[in-house]
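Got a structure for you, questions after.
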Amino acid sequence: MSEGNLQRSPLASGTLPEVTGTEHWTTKRAGADSVKLFLWRKRLRDPSSGGPRRGTILFVHGSSMASTPVFDLQIPNRPQASTMDWFSRLGYDTWCVDCEGYGRSDKSRPVNADISCGADDLEAASEYVMRQNGGEKLLLYGSSSGALRAGLFAQRHPGRVKRLALDALVWTGKGSPTLENRRKKLAEYRASNRRPIDRKFVHSIFTRDHPDTADLTTVDAFADAVLALDDSVPTGTYVDMSANLPVLDPERVTVPTLIMRGQWDGIASFEDLAAFFAKLPNPDKQFIVMPGIAHSSTKSKNWALVFHLLDGFFSQPAPVYTG
């Protein structure tokens, strides 16, 4: 980590403030059904031990795993493994939610949990979180199909979102080798609401685009955590990303937005995201290409760059003059 990044790092003091986690549950109404959703909250046990309070982050997971392995992975002597711990120590109140069909949330309905369903999950989760934080707007981060879920939620409910970070996003799918390969199995995904996952599959997420961008010891621990919660996941986001793009209208995403793209991400081409970025109406927007990173940025060797960019965007002061 560079000297500049270290100054804002939880490692700067040499001691790590203690972070505490709490389970939460909320209910999504889906027609006549009540769907239980699991939320996980992490924040400093002693708020005075960190920096100034910086707001509430809601982290949104992708297609192939629940939220806690992605955002609260625990590895001894690797504080950066838990994104939630890291940002808690920077002064944020951090939350994640298992979308319907994943992890500890309800898996009973016969649905494939597509992107619109995930945006509905975020509607219920955000309502719950905002009851806990006094109604403060949320800082929203989503990766891969989590970026699509987060973007669609922000499109529907801009009044609940303070700032939006979309990582490993795809818009139209044009120029995506990953999605081109995925379409070959589209009939299989459409035929079932769930698809199996195993250790080999989890490893492939980190090796399919550009091998060596991730630390494989971290990936092994990550796979353990993913497979402890699920041996199958919904097919809906794969179907949407293979056959139903675009699911977002950038002209209706009106909140301040950061687009984050890994240099070697096979999901979305630079040109696809540049066209999306150009159509975002809010002038408070950024598009950043992250060097040395493929699809899964927070688990990459360049995690410090990712955390620095995200913290910078989320803690950015509001403009005094807007014209």
For F87, which residues count as a ring pair (Phe, Tyr, Trp, His ring centres under 6.0 Å) partner, sequence neighbours excluded?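 Residues passing ring pair (Phe, Tyr, Trp, His ring centres under 6.0 Å) with F87: Y92, F307.
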
Residue of the set D72, T68, T94 for which side-chain hydrogen bond (donor to acceptor under 3.5 Å, both in side chains) holds with W40: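 Running side-chain hydrogen bond (donor to acceptor under 3.5 Å, both in side chains) over D72, T68, T94 with W40 returns exactly one hit, D72.
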
Would you say the rings of F313 and Y141 are close, in the sense that their centroids are separated by under 6.0 Å?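 Here the rings of F313 and Y141 have centres that are no less than 6.0 Å from each other.
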
Can you pull the side-chain hydrogen bond (donor to acceptor under 3.5 Å, both in side chains) pairs that have at least one residue in residues 274-289, sequence neighbours excluded?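 As it turns out, the side-chain hydrogen bond (donor to acceptor under 3.5 Å, both in side chains) pairs with a partner in residues 274-289, which skip direct neighbours, are R163-D284, D284-Q316, Q286-Q316.
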
Centroid separation under 6.0 Å, is that true for the rings of H24 and Y128?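 Between Y128 and H24, the centre distance is under 6.0 Å.
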
Shared hydrophobic cluster, V202 / W303 (ILVMFWY, side-chain heavy atoms < 4.5 Å):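 Yes, it is one cluster - the side chains of V202 and W303 are joined through contacts under 4.5 Å.
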
Under a 3.5 Å cutoff, is there a donor and acceptor pairing between the side chains of T20 and R43?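 No.
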
Non-neighbouring partners of D209 that pass salt bridge (Lys or Arg N to Asp or Glu O under 4.0 Å), sequence neighbours left out: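 Salt bridge (Lys or Arg N to Asp or Glu O under 4.0 Å) check on D209 returns nothing, list empty.
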
So that I can tick it off, tell me whether R104 and E23 are bridged by a salt bridge, with the cut-off set at under 4.0 angstrom between side-chain N and carboxylate O.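 Answer for the salt bridge query: yes.
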
Centroid separation under 6.0 Å, is that true for the rings of W95 and F59?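 Ring centres of W95 and F59 not closer than 6.0 Å.
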
Between K28 and S34, is the side-chain contact (heavy atoms from CB on, under 4.5 Å) condition met? List the steps. CA-CA 6 Å; K28 176 182 72 170; S34 296; over 6 Å; no

Going through the checks in order, is the side-chain contact (heavy atoms from CB on, under 4.5 Å) test met by E123 and R160? CA-CA 9 Å; E123 180 179 358; R160 299 188 191 181; 3.8 Å; yes

Would you say the side-chain atoms of S105 pair up with the backbone N or O of D98, donor to acceptor, closer than 3.5 Å?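 Yes, S105 side chain to D98 backbone: donor-acceptor pair under 3.5 Å.
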
So, for M290 and V306, which heavy atoms are closest and what is the spacing to 0.1 Å?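 That would be SD-CG2, 4.0 Å.
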
Under-4.0 Å salt bridge between R199 and D224: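 Looking at R199 and D224, the cut-off is met.
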
For F314, give me all partners under ring pair (Phe, Tyr, Trp, His ring centres under 6.0 Å), at least two apart in sequence or on another chain.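 Ring pair (Phe, Tyr, Trp, His ring centres under 6.0 Å) list for F314, sorted by chain: empty.
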
Which pairs pass side-chain hydrogen bond (donor to acceptor under 3.5 Å, both in side chains) with one or both residues in residues 253-265, sequence neighbours excluded?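 Found D265-H295.
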
Under the side-chain contact (heavy atoms from CB on, under 4.5 Å) criterion, do T178 and R182 qualify, and how do the steps go? CA-CA 6 Å; T178 299; R182 196 173 289 174; 3.7 Å; yes

Contact list for residues 221-253, test ring pair (Phe, Tyr, Trp, His ring centres under 6.0 Å), sequence neighbours left out: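 Every pair satisfying ring pair (Phe, Tyr, Trp, His ring centres under 6.0 Å) with a residue in residues 221-253: Y189-Y238, F206-F222.
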
